[in-house]
Amino acid sequence: MDAEAALRRHKEKRKQRLVEKFNLDDGMCSLRVVLPALDAALAFDRIDRIARALPKDDRTLDQKRSDVAADLLMGKETPAPQGEVCVNLTMPITNILDLTTDPVMLAGYGPLPAEIVADVAANGIWKRILTDPATGMAEHITTYRPTPAQRELINARYPTCTMVGCNQPAHRCDLDHCCPFDGTNTTVANLRPKCRHHHRMKTHSSWSCENRADGTHAWTTPSGKVIETELEPIAEPAPF
């Protein structure tokens with residue numbers, strides 16, 4: 001009922017994210033990870049998809065999930081295709097029109113503050129199910145996923161995170177919608193690589209950014225200072 005209070009509580013709880021190890025009997029341990037619901041949904045979906053793609057053997061699905069999670073955490077190659085993750089978010093269309101900030105429903109979890117939905121893992125497939133606020137019926141579905149061709153072109157133009165001074169390679173970055181995703185703007189003009197840290201900084205702080213027509217990417221600091229990231233050609237311009 002109080003969207004601002006819900007967002008404040010989420011931000012406070014997010015500070016409590018952690019990893020804990022509990023020793024169990026008979027040479028076993030339990031690993032507990034506390035993280036934001038969006039990240040957890042993506043992480044579990046990835047683990048589950050890999051586990052379900054494994055050949056049939058004497059392991060249960062839970063055992064396969066445990067083995068896959070251990071392999072991923074320890075940096076080992078998984079024996080099955082990793083595929084792509086998929087999470088459904090449901091929101092009233094009035095949120096898109098900036099008329100309301102009603103909670104967004106994360107499938108399999110429940111309501112989340114609308115403001116945190118912008119901080120998504122851009123490497124996953126996200127579908128927005130827009131509903132009629134009067135009836136609750138689904139009205140429209142849009143997909144949040146850059147095409148492989150878009151990703152390759154953007155990575156070629158911007159080989160690193162577009163935050164000034166950040167050298168994280170683009171292939172390890174999220175593709176961020178500089179202007180918030182509206183169902184139509186998953187375009188080369190609107191997407192820029194940002195490492196997870198700077199992606200979240202843009203979403204959760206008073207920093208902001210802008211994609212300009214000449215290809216430069218401008219950041220505005222909390223104090224109002226504008227810093228530009230230049231577009232670097234990968235070949236010599238023609239001499240005319």
Side-chain angles (χ1 to χ4, degrees), residues 6-90 103-113 115-127 144-146 148 151 155 160-161 166-176 193-201 203-205:
L7 181 59
R8 278 197 309 273
R9 291 195 302 271
H10 169 76
K11 289 181 177 179
E12 286 302 313
K13 290 293 185 180
R14 190 174 181 277
K15 295 176 183 178
Q16 301 174 21
R17 59 195 186 278
L18 52 82
V19 178
E20 294 180 309
K21 180 174 73 71
F22 300 96
N23 293 333
L24 304 176
D25 294 335
D26 304 316
M28 300 297 288
C29 275
S30 173
L31 194 65
R32 176 175 177 259
V33 183
V34 177
L35 67 166
L38 290 175
D39 292 345
L42 280 171
F44 182 83
D45 191 80
R46 184 183 183 196
I47 291 168
D48 183 64
R49 284 172 180 264
I50 297 172
R52 292 178 184 275
L54 294 173
K56 289 186 178 180
D57 52 31
D58 60 352
R59 293 177 294 174
T60 66
L61 181 57
D62 281 336
Q63 290 169 342
K64 288 180 176 180
R65 289 191 188 115
S66 177
D67 293 344
V68 167
D71 285 347
L72 292 174
L73 288 171
M74 292 187 290
K76 297 180 180 179
E77 291 293 330
T78 57
Q82 296 189 18
E84 294 176 310
V85 293
C86 181
V87 177
N88 285 335
L89 298 170
T90 306
V104 174
M105 299 299 294
L106 172 61
Y109 178 83
L112 294 174
E115 289 85 350
I116 71 171
V117 171
D119 182 22
V120 298
N123 294 322
I125 303 172
W126 290 79
K127 292 183 179 179
Y144 181 115
R145 179 179 59 173
R151 186 176 297 278
N155 288 354
T160 63
C161 170
C166 183
N167 295 317
Q168 184 71 258
H171 69 272
R172 295 179 182 172
C173 293
D174 298 338
L175 281 188
D176 172 51
K194 291 186 179 70
C195 69
R196 185 59 54 84
H197 171 73
H198 290 124
H199 190 174
R200 283 178 169 161
M201 184 183 78
T203 304
H204 295 297
S205 76

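Position 1 is the first residue of the sequence; numbering continues from there.
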Inset, instruction - Please tell me if the side chains of Leu175 and Pro193 come closer than 4.5 Å, counting only heavy atoms from C-beta onward. - result: yes
Legend entry - Residues forming a side chain to side chain donor-acceptor pair (under 3.5 Å) with Arg52, sequence neighbours excluded: Asp48
Legend entry - side-chain contact (heavy atoms from CB on, under 4.5 Å) partner of Leu18, chosen from Leu35, Val34, Val33: Val34
Legend entry - N/O donor-acceptor pair under 3.5 Å between Arg17 side chain and Arg14 backbone: yes
Legend entry - Residues forming a salt bridge (charged side-chain N to carboxylate O under 4.0 Å, His left out) with Lys15, sequence neighbours excluded: Glu12
Inset, instruction - For Met28, enumerate each residue passing the side chain to side chain contact (heavy atoms under 4.5 Å, CB included) test, keeping only those at least two apart in sequence or located in another chain. - result: Leu24
Legend entry - Straight-line distance of His197 NE2 to Gln168 CD, nearest 0.5 Å: 11.5 Å
Legend entry - Leu31 to Val19 - nearest heavy-atom pair and separation: CD1-CG1, 3.8 Å
Legend entry - Rounded distance [0.5 Å steps], CG in Asp176 versus NE2 in His199: 4.0 Å
Inset, instruction - Find the distance between CZ (Arg196) and CG (Asp39) and round it off to the nearest 0.5 Å. - result: 6.0 Å
Legend entry - Heavy-atom closest contact (Leu112 atom, Ala37 atom, distance): CD2-CB, 4.1 Å
Legend entry - Sequence neighbours excluded, every pair satisfying side chain to side chain donor-acceptor pair (under 3.5 Å) that has a member inside residues 26-37: Glu20-Arg32
Legend entry - Closest heavy-atom pair and its distance - Leu61, Ala51: CD1-CB, 4.1 Å
Inset, instruction - Please tell me if the side chains of Asp71 and Ile50 come closer than 4.5 Å, counting only heavy atoms from C-beta onward. - result: no
Legend entry - Partner residues of Asp57 under the side chain to side chain contact (heavy atoms under 4.5 Å, CB included) criterion, sequence neighbours left out: Arg59, Lys64
Legend entry - Spatial distance of atom NZ (Lys76) from atom CG (Asp67) [nearest 0.5 Å]: 9.5 Å
Legend entry - Taking every non-hydrogen atom, the tightest pair across Lys194 and Cys161: CA-SG, 3.8 Å
Inset, instruction - Would you check if Cys173 and Cys195 make a side-chain contact, meaning some heavy-atom pair closer than 4.5 Å? - result: yes
Legend entry - Check: Lys11 and Arg8 side chains under 4.5 Å, non-hydrogen atoms: no
Legend entry - For Asp62, all residues meeting salt bridge (charged side-chain N to carboxylate O under 4.0 Å, His left out), sequence neighbours excluded: Arg65
